[in-house]
Amino acid sequence: MERININLNPAIPPLPKIDDKTKIDIRYTLISPYVSVHIYWDEVKGELIYEVEEPILEANEKEMLKVLEKSMEELINVNVLVESTADSMMDYIYKTSKLLIDELNLKMGEESYKKIFYYLFRDFIGLNEIEPVIKDYFIEDIECNGINTPIYIVHRIYRNMKTNISYDSIDKLSNFVEKIAQRCGKYVSYANPLLDGSLPDGSRVNATYTTDVTSRGPTFTIRKFTKIPWTPSQLISMRTASPEMLAYFWILLENKANLLIVGGTASGKTTLLNAIAFFIPPEARVVSIEDTRELNLPRENWLPSVARLSFGTQKIGEVDLFSLLKNSFRQNPDYVIVGEVRGKEASVLFQGMASGHSSIGTVHADSIDTLVKRLETPPIELSPTLINILDAVAVMSHAIVNKQQTRKLREISEVVNVAKDGSSITNTPFVWNPEDDSFYSKKNIKVFEKIAKRYGVTVDELHRELMLRARLLYEMHRRKIYDFDQTQRIINEYYKNPKAVLEAFGLL
Ligand SMILES: Nc1ncnc2c1ncn2[C@@H]1O[C@H](COP(=O)(O)OP(=O)(O)O)[C@@H](O)[C@H]1O
Ligand SMILES: [Mg+2]
């Protein structure tokens, strides 16, 4: 029996908007290949139902699952589960369950094992009954008001609905609330009955804990992380960056360059980072690492992770950026995105860049010079020559234009050379000029020379490509294409068939 591949990021289906609620009858996959949801109008109850369809277990399969879960609970090291990647957790569950099936001498066919593996995954790695709902891209809120009452959800397109999920015992629901608390790095008890925390994926959780039999028991609400990122064309419409600047990032990211975005507090660094992440080639494996979840990418092949702080005086449960980043390189990503680089994780990041993992991130610094100084001095203390692995630095800043607060990509500079004594030479192909609120570009782009050498293209070809992509991005803005799914589709399509995309936009 092979390990089953559970796909946690199935393609996001294009759901139709349907004004007449009674006509809604939609089914889509939540956890491939196991779980889908059926959203339909219930004639009898006169309301919309969100029905999760999980694999159905026969009586003997249920019995085997129970036995397996019980033995696994005794065996499993919870920390291993919480602190590794989804893939290695599934491996762990697979191996442990195989061992136990042999040991307990369970007679289980391939088909039964497939289904049982799903439930092991769901209950040990996932969040039990609500795991499929959590995985639904369209869900905004999940609400449970106690036992024997259905869980309600809010759907991005079809709004409020009742689900077919409910808890039938206070014990079960209390255990579940304890489990979410633990996932938030917190704990609840009689003395501490209120939980306010966030899950590793950035979703906010509120819960009340009670095991009082006279009440309906514990309650919880989960407000899912649904931050919609700004797209490159939106940044053009805000006049934050020029189409040429964005096209430059596109070419750099396609060619696995390393890039940092610097700027002051709330200058728009993370917003720009997320917008240019749309340019990462569709098949590339991406990991992102943040303190609090802000990044959102409409792509498969993406592993977001969030650092968690420890609670109390115990160090248990603490996962800092440094260890997350070290761990992420073991997953051999093509691209690493670090939300905000602050301390010792910078050296791990630069070593990663040096070993061929393209990296992008933000750093609090107001220019390329202060950035280089910050990287060279404690607590980061990089060796100056290692900084040469960085290709370009984008500088974001606040600016007042026509008495309006705006954000500007003030310049993009390239690292030409950082000497042993720490002094640096840079080249600045793109600047914003405050006098006339315009963006200027220079023909001399150093990174293109590097790319040309490495990949056997000519600098002229790269310049031509820059102009084409700049025109495409401008055209997307002109046609008001700001939707993030659509933007990702166009960029992905451009990777496959640039001519067709340019033609479709009337640019060829
Ligand atoms: N290009 C922009 N134009 C206008 N407002 C912006 C722009 N980029 C970001 N903002 C706003 O500024 C705030 C901070 O942005 P963020 O990207 O988180 O900054 P930083 O990462 O530099 O702290 C956000 O609330 C965002 O809505
Ligand atoms: Mg930020």
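Quick note: numbers below take in every heavy atom, side chains included, and nothing from hydrogens, waters or symmetry partners. Remember, it's 1-based here, ligands and their atoms both numbered in the order they're listed.
- Of the candidates I151, N160, V37, Y50 forms a side-chain contact (heavy atoms from CB on, under 4.5 Å) with just one, namely V37.
- Not a single heavy atom of G263 sits closer than 4.0 Å to an atom of ligand 1.
- In this structure, K446 NZ and I451 CD1 are separated by 13.5 Å, a value rounded to the nearest 0.5 Å.
- Inside a 4.0 Å radius of atom 25 (O) of ligand 1 there is not any protein heavy atom.
- With rounding to the nearest 0.5 Å, the separation of CD1 in I387 from CD in E376 is 4.5 Å.
- Distances below 4.0 Å separate heavy atoms of G264 from the following atoms of ligand 1: 22 (O).
- Closest to atom 12 (O) of ligand 1 among all protein heavy atoms lies R407 NH2, 2.7 Å.
- The ligand atoms of ligand 1 that sit less than 4.0 angstrom from a heavy atom of M238 are 3 (N), 4 (C).
- When hydrogens are left out, the protein atom nearest atom 27 (O) of ligand 1 is W230 CZ2, 4.1 Å; that is the closest non-hydrogen contact.
- For the salt bridge (Lys or Arg N to Asp or Glu O under 4.0 Å) criterion with D196, the lone passing option out of R223, K186, R204 is R204.
- With distances taken over non-hydrogen atoms, the option nearest atom 21 (O) of ligand 1 out of T270, T362, L409 is T270.
- The Mg ion (ligand 2) has an N, O or S atom of T270 under 2.8 Å away, backbone or side chain.
- In this structure, R410 forms no cation-pi arrangement with W432, as its terminal cationic atom is not both closer than 6.0 Å to the ring centre and no more than 45° off the ring axis.
- Of all the atoms in ligand 1, the ones that sit under 4.0 Å from a non-hydrogen atom of T240 are 1 (N), 2 (C), 3 (N).
- Atom 19 (O) of ligand 1 has its closest protein heavy atom at G268 N, 3.1 Å.
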Q.
Would W250 and F278 count as a ring-ring contact (aromatic ring centres under 6.0 Å, His included) here? Give the steps.
A. CA-CA 9 Å; W250 190 347; F278 280 88; over 10 Å; no
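- The six-membered or imidazole ring of H357 lies away from that of Y335, with a centre-to-centre distance of 6.0 Å or more.
- Counting heavy atoms closer than 4.0 Å to ligand 1, residue T406 contributes nothing at all.
- Checked by atom type, the side-chain pair E283/Y495 shows no donor-acceptor distance below 3.5 Å.
- Nearest protein heavy-atom contact of atom 18 (O) of ligand 1 is E294 OE2, 3.8 Å.
- Looking from atom 17 (O) of ligand 1 to the surrounding protein, the closest heavy atom is T271 OG1, 2.5 Å.
- In terms of polar-atom proximity, M396 is not counted as a contact of ligand 1, lacking any N or O under 3.5 Å from an N or O of the ligand.
- Cation-pi geometry between K442 and F430 is not met at under 6.0 angstrom from the ring centre and within 45 degrees of the axis.
- In terms of protein heavy-atom proximity, atom 23 (O) of ligand 1 is closest to A266 N, 3.0 Å.
- Counting atoms of ligand 1 from 1 in the listed order, those under 4.0 Å from a heavy atom of L235 are 1 (N).
- With respect to the salt-bridge test (charged N to carboxylate O, under 4.0 angstrom), the residues E475 and R478 qualify.
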